[in-house]
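Following: one structure in structure tokens, then a few remarks.
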Amino acid sequence: MAGSDGAKGAYPSFSSRIAFIIVTAGSAVGLGNVWGFTYVAGQNGGGGFVLIYLLALAFVAAPAFMAELLIGRMGKASPPTAFTKVGQMANSRFPWASVGWMGLMGTILVLSFYAVIAGQALYYGLVAAEGGFAGWTEAQITGLDAGFRAAPGWMLFWAALFMALTAVIVSFDIRTGLEKAGKVMMPALLLILLGLMVYAGQTGDMAQAVDFLFGFHQMTLTPRLFLEAVGQAFFTLGVGVGGIMTYGSYMGRDVNLPRATLWIVAMDLFVALAAGLAIFPLVFSSGVSAAAGPGLVFMTLPLIFTEIPGGAVVAFVFFLLLAFAAITSSISLLSPTVARLEEAGWSRRKGAFTMAALAVVISLFTIMSFAGWRDFYPLEALGFEGMTAFDLIREGVSNFVLPVSGFAYAVLVGWVLSRPSVREALPMQEGMGFKLWYAIIRYITPLAIAALFVNAVFG
Ligand code: TRP
């Protein structure tokens with residue numbers, strides 16, 4: 001580890017404020033923006049879903065994001081340990097570490113399906129590198145997706161490769177590589193998405209896409225739709241499993257939390273909307289259904305590459321950047337368990353490879369859900385009709401574990417810790433930003449999450 005405070009035994013830290021923002025934005029921007037947002041919005045009918053998602057982002061997920069960073073900065077340890085320390089500071093007898101442990105389980109579950117989708121992005125990068133997509137027909141493109149999903153061994157191979165790459169990066173200390181790569185790749189991803197959006201507007205039906213995403217439609221606001229929108233807001237910011245907490249623990253005291261949060265949320269939202277505006281014009285000009293599910297991006301985006309000159313090169317760059325965006329997110333998902341194992345005396349390397357291997361094993365549930373178990377609904381008898389193992393894992397984590405953790409963060413920071421101690425932990429941020437956030441985290445965030453669950457159970 002470089003730098004003056006990098007002496008052996010000292011707690012690790014990022015090298016600068018900008019480094020912190022880039023790495024944390026890298027955790028937020030990922031498959032959730034491009035793959036997740038478009039597929040979930042598509043399945044939930046667009047407009048109304050997007051509006052609830054925006055409200056959930058502003059009043060629930062973003063304030064919880066700041067609370068998670070704060071707990072990390074106060075606790076300066078892995079999530080279960082940080083929770084214990086912060087709970088003790090407040091003289092609370094609640095077993096706060098349990099929230100940390102639930103998050104750690106969440107990280108592995110998210111990785112178990114994240115790796116499969118990221119693996120598909122890597123595979124599409126390879127197809128493009130071989131000159132693929134240029135001149136392909138729509139049938140060839142949907143066939144590529146269907147073929148990939150029908151081949152469990154192949155999906156497993158790419159998922160394992162992706163997890164191995166993640167584990168290699170996490171094995172190094174936090175300053176090496178990650179910060180530098182993020183500075184180049186993040187702006188590149190933004191640029192290429194904007195370019196794709198322009199192309200999609202020319203070749204597809206942009207007006208219908210805008211109307212689908214932002215217009216008002218006749219739709220029934222079911223409890224499930226609310227859960228999905230809130231879950232998506234948490235997922236996209238990466239709040240609720242301790243990844244942000246772990247980064248918060250590496251954050252210097254010079255970072256202005258409200259401002260950093262605002263930047264990260266803005267960047268994250270921008271990428272999601274740009275992805276939506278790149279993908280939906282093609283949905284409406286092709287034969288692909290908006291409700292096609294997890295394969296949506298893989299069936300639509302390549303359509304752009306078939307038409308533009310040098311499409312294979314652009315496709316290669318795009319999937320490479322998407323895979324990179326996924327890696328900067330998966331790193332933040334692998335870091336919390338590794339931080340906990342380090343506390344138990346494990347090396348970073350051993351911890352990283354062990355947890356990555358566990359995620360790969362669990363990824364078999366997702367892989368099989370896409371292949372042989374496509375019509376197998378394990379918890380049908382309990383009322384989860386039509387949900388594959390993948391649906392259960394994804395929705396269980398996003399729509400249950402993440403909001404429950406968010407609720408716990410809000411209670412800990414808004415009610416259990418004293419206001420002066422929260423103020424103390426947020427140096428030099430007197431003023432409107434703090435007051436607004438503090439009011440939201442005390443009242444709106446916990447009430448909104450509680451109402452969500454009451455509605456889901458009794459609605
Ligand atoms: N936010 C990332 C994305 O949108 C995924 C992610 C990173 C995540 N850290 C997380 C999701 C923690 C849930 C919990 O792709």
Side-chain angles (χ1 to χ4, degrees), residues 22-41 53 56-57 60-62 64-65 67-69 72 79 99-100 102-121 162-163 166 169-170 178 182 185-186 189 193 228-248 261 264-276 294 297 321-339 355 359 393-406 408-409:
I22 285 176
V23 172
T24 312
S27 146
V29 174
L31 298 173
N33 305 62
V34 179
W35 162 78
F37 174 72
T38 50
Y39 122 60
V40 176
Y53 161 75
L57 206 53
V60 182
F65 175 92
E68 189 176 331
L69 277 177
V99 183
M102 181 175 75
L104 293 192
M105 275 168 24
T107 58
I108 303 301
L109 288 177
V110 172
L111 280 171
S112 78
F113 64 82
Y114 211 78
V116 180
I117 311 298
Q120 189 170 5
F162 176 78
M163 283 315 301
T166 304
I169 299 177
V170 172
L178 187 56
M185 303 275 218
M186 278 277 293
L189 181 69
L193 264 178
E228 281 279 34
V230 172
Q232 177 61 27
F234 272 96
F235 190 93
T236 191
L237 289 184
V239 194
V241 297
I244 297 300
M245 191 174 297
T246 307
Y247 283 176
T261 304
I264 292 163
V265 174
M267 256 189 270
D268 190 61
L269 180 60
F270 185 78
V271 174
L273 295 181
V297 260
L321 288 173
L322 188 61
F324 177 77
I327 282 205
T328 56
S329 298
S330 62
I331 288 167
S332 91
L333 283 158
L334 200 55
S335 296
T337 45
V338 173
M355 295 324 286
I393 293 176
R394 186 189 67 77
E395 293 188 33
V397 177
S398 301
N399 306 353
F400 183 76
V401 173
L402 305 186
V404 167
S405 300
Y409 299 166

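All ligand and atom numbering here is 1-based and tracks the order in the structure. Heavy atoms only: backbone and side chains are in, while hydrogens, waters and symmetry mates are out. Everything numeric here is computed off the predicted structure, so don't read it as measured data.
- Contact check for Leu237 versus Glu68: no side-chain heavy atoms found under the 4.5 Å cut-off.
- Shown here are the side chain to side chain donor-acceptor pair (under 3.5 Å) partners of Thr246, two or more places apart in sequence or in another chain: there are none.
- Checked against side chain to side chain contact (heavy atoms under 4.5 Å, CB included), Asn399 has the following partners two or more places apart in sequence or in another chain: Leu227, Glu228, Glu395.
- Side-chain contact between Pro79 and Leu104: present, with at least one pair of heavy atoms (C-beta onward) separated by less than 4.5 Å.
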Between ligand 1 and the protein, give all atom pairs where both partners are nitrogen or oxygen and the distance is under 3.5 Å, as lines of names plus distance to 0.1 Å.
unit_1   : atom_1 : unit_2 : atom_2 : d
ligand 1 : 1 (N)  : Ser27  : O      : 3.1
ligand 1 : 1 (N)  : Ala28  : O      : 3.0
ligand 1 : 1 (N)  : Phe235 : O      : 2.8
ligand 1 : 1 (N)  : Thr236 : O      : 3.0
ligand 1 : 4 (O)  : Ala28  : O      : 3.0
ligand 1 : 4 (O)  : Gly32  : N      : 3.4
ligand 1 : 4 (O)  : Asn33  : OD1    : 3.3
ligand 1 : 9 (N)  : Ser332 : OG     : 3.3
ligand 1 : 15 (O) : Leu31  : N      : 3.1
ligand 1 : 15 (O) : Gly32  : N      : 2.7
ligand 1 : 15 (O) : Tyr114 : OH     : 2.5

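- With rounding to the nearest 0.5 angstrom, the OG1 atom of Thr328 is 11.0 Å from the CD1 atom of Ile22.
- Shown here are the ring-ring contact (aromatic ring centres under 6.0 Å, His included) partners of Phe270, two or more places apart in sequence or in another chain: there are none.
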